[in-house]
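Heads up: the structure comes next, in structure tokens.
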Amino acid sequence: MNILVTGGAGFIGFHLCGALLKKGHKVIALDNFLTGTKENVAELSRDKNFTFIEHDVTNPFDYPVDQIYNLACPASPVHYQKDPVKTTTTNVLGMINALNIAKKYDAKILQASTSEVYGDPLESPQKESYNGNVNTLGPRACYDEGKRCAETLCMDYFRQYGTKVKIVRIFNTYGPNMYKDDGRVVSNFIVQALKNQNITVYGDGSQTRSFQYIDDLISGMILMMEKEDFTGPVNLGNPHEISINELAKTIIGLTNSQSKITYRDLPKDDPKRRLPDVSLAKKTLDWEPNTQLEEGLKKTIDYFRAKI
Ligand code: NAD
Ligand code: UDP
């Protein structure tokens, strides 16, 4: 099949393109290198079935493909808050441009949505039926509301034009090939620990996240794309909840680091809890994550150790 991956030079895009190439598909990746890397593209380009096109998804594009994975959008709060107007535009215009090709070529399109659509959730665990608690006015809204609007566009193309849309809500995902200056917690803590620098916990560290290893996510995304007659949304995440303090201690232990934990201000609207209910993914896709946190962290630490 011919498959288009927007955001193909980024962390998830890199692993997804690799997995699709392994299955023998032809993959076209679009990316503007906002947070993606040329190194990722160089590694993928070793496969003759891989084509890279430097392109900003806010401008229209048109490739005759069978499937589209729409990933283009910075995922780290540090990066998506740098140019918030661009973040909203990427989510909304990028989604429309991608949906227009899906409609034109009758291709399936999978949107990489996020647990952030639940905002600072008042319900835990979060089920797909929960409508969320998002501050439309805060610094995270460019991302959260952008992703919510992208979901709305998917459902409207589905109802209005019969476009074959699929929505996955991805919970915090980590693994090798994360960008070392990405700013997200796992890469920050691992790099700090390996350099014996202070570990920067924001707030008092009691907020929780549930961390999913990249390989589990990729298998869930591909299963979702291949599943007939199921638009979702479906949560893809690991239902092992851990506080940021515990994460810091685990990473210090696994790296045998001399680092000490230091505390910084908690960013505005930082969600207090995040825990996926993955029963829908289990039932519909026969999917569940099977990488334990320590196992995934060890692989990620090995990657960063070699990089630093
Ligand atoms: P990432 O920042 O590593 O990758 C995003 C990619 O999109 C980058 O390569 C970037 O250069 C590209 N991009 C950004 N704006 C673009 C534009 N206007 N035109 C073309 N390319 C553009 O992040 P990631 O972790 O790989 O996330 C990929 C997708 O998955 C994002 O849409 C993100 O919102 C979603 N997601 C990720 C997570 C996670 O934990 N990693 C969680 C929920 C949702
Ligand atoms: N965080 C932290 N130190 C860091 C980076 C992040 O304590 O150096 C916290 C952040 O405040 C949040 C959690 O870790 O509570 C996850 O942050 P991340 O940016 O990885 O993703 P988010 O889930 O907030 O989108």
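Atom set for the values below is all heavy atoms of this structure, side chains included, hydrogens, waters and symmetry mates excluded. Just follow the structure's listing: the first ligand is 1, and inside any ligand the first atom is 1.
Close contacts between ligand 1 and N172 involve ligand atoms 40 (O) [criterion: under 4.0 Å to a heavy atom]. Shown in contact with S113 at under 4.0 Å from a heavy atom are these atoms of ligand 1, numbered in order with element: 43 (C), 44 (C). Close approach to A9 involves these atoms of ligand 1, each under 4.0 Å from a residue heavy atom: 9 (O). With ligand atoms numbered from 1 in the order given, ligand 1 contributes 3 (O), 25 (O), 26 (O) to contacts under 4.0 Å with heavy atoms of F11. Atom numbering of ligand 1 starts at 1 in the shown order; those under 4.0 Å from a heavy atom of H55 are 19 (N), 20 (C).
Around CD of E39, the count of heavy atoms belonging to other residues, nucleotides or ligands within 6.0 Å does not exceed 12. Heavy atoms from other residues, nucleotides or ligands lying under 6.0 Å from OH of Y179 number 12 at most. The environment of F61 atom CZ is dense: over 12 non-hydrogen atoms of other residues, nucleotides or ligands sit within 6.0 angstrom. Surrounding CG of D62 are more than 12 heavy atoms belonging to other residues, nucleotides or ligands, all under 6.0 Å away. For N59, the CG atom sits in a packed shell: over 12 heavy atoms of surrounding residues, nucleotides or ligands are nearer than 6.0 Å. Under a cut-off of 6.0 angstrom, the local environment of CD in E54 is crowded, with over 12 non-hydrogen atoms contributed by other residues, nucleotides or ligands.
Ligand 1 has no nitrogen or oxygen under 3.5 angstrom from a nitrogen or oxygen of K86. The shortest N or O to N or O distance between V57 and ligand 1 is under 3.5 Å. Any N or O atom pair closer than 3.5 Å counts here, and G36 shares at least one such pair with ligand 1. Residue contacts with ligand 1: T173 is placed with a nitrogen or oxygen under 3.5 Å of a nitrogen or oxygen of the ligand (distance criterion only). Checked by distance only, ligand 1 and T35 come closer than 3.5 Å through their nitrogen or oxygen atoms. Between I170 and ligand 1, a contact under 3.5 Å exists for no N or O pair. Checked against a 3.5 angstrom limit, the closest N/O atoms of D31 and ligand 1 fall inside it. Polar contact with ligand 1: present for T90 (N/O pair, distance under 3.5 Å). At least one N or O atom of I12, backbone or side chain, sits closer than 3.5 Å to an N or O atom of ligand 1. Of the polar atoms of N70, none of the N or O atoms is found under 3.5 Å from an N or O of ligand 1, judged by distance alone.
Considering T114, V186, N32 only, the shortest heavy-atom separation from atom 21 (N) of ligand 1 involves N32. For the residues G237, A29, A75, the heavy atom positioned nearest atom 27 (O) of ligand 1 is part of A75. Comparing F211, F33, Y143 against atom 33 (C) of ligand 1, the shortest heavy-atom distance belongs to Y143.
Partner of D216 under the side chain to side chain donor-acceptor pair (under 3.5 Å) criterion, out of T291, N238, T173: T291 alone.
Taken from CG in D182 to CG in N177, the straight-line distance is 12.0 Å, to the nearest 0.5 Å. Note: T114 OG1 to R274 CZ = 6.0 Å, rounded to the nearest 0.5 Å. Separation of atoms OG1 (T88) and CG (L93) is listed at 10.0 Å; rounding is to 0.5 Å. In this structure, CG in D144 is found 12.5 Å from OH in Y118, a value given to the nearest 0.5 Å. Atom-to-atom distance recorded for I190:CD1 and Q192:CD is 10.5 Å, nearest 0.5 angstrom.
Taking atom 29 (C) of ligand 1 as the reference point, the nearest protein heavy-atom neighbour is L71 O, 3.3 Å. Protein heavy atom nearest atom 5 (C) of ligand 1, with residue, atom name and distance: C73 O, 3.2 Å. With hydrogens left out, the protein atom closest to atom 4 (O) of ligand 1 is G10 CA, 3.5 Å, a heavy atom.
With respect to E128 and R169, no salt bridge is recorded, no charged nitrogen being found less than 4.0 Å from a carboxylate O. The residues E228 and K108 are annotated as salt-bridged, a charged nitrogen and a carboxylate oxygen being separated by less than 4.0 angstrom. Under the 4.0 Å criterion applied to side-chain N and carboxylate O atoms, R140 and E116 are assigned as salt-bridge partners.
Through side-chain heavy atoms spaced under 4.5 Å, either directly or across other Ile, Leu, Val, Met, Phe, Trp or Tyr residues, Y143 is tied to Y80.
Protein residues with any heavy atom under 4.0 Å from ligand 2: P77, E116, R140, N172, G183, R184, V185, N188, F189, T200, V201, Y202, Q207, R209, I244, P267, D270, R274.
Both tests hold for K38 against F33: distance to the six-membered ring centre under 6.0 Å, angle to the ring axis within 45°.
Residue contacts with ligand 1 leave out G94, since none of its heavy atoms falls under 4.0 Å from the ligand. Residue R184 places a heavy atom less than 4.0 Å from ligand 1.
Only the side chain of K147 comes within 4.0 Å of ligand 1, counting heavy atoms alone; its backbone N, CA, C and O stay farther away.
The aromatic rings of F11 and H15 lie perpendicular to each other, with more than 60° between the two planes, well past the 30° mark.
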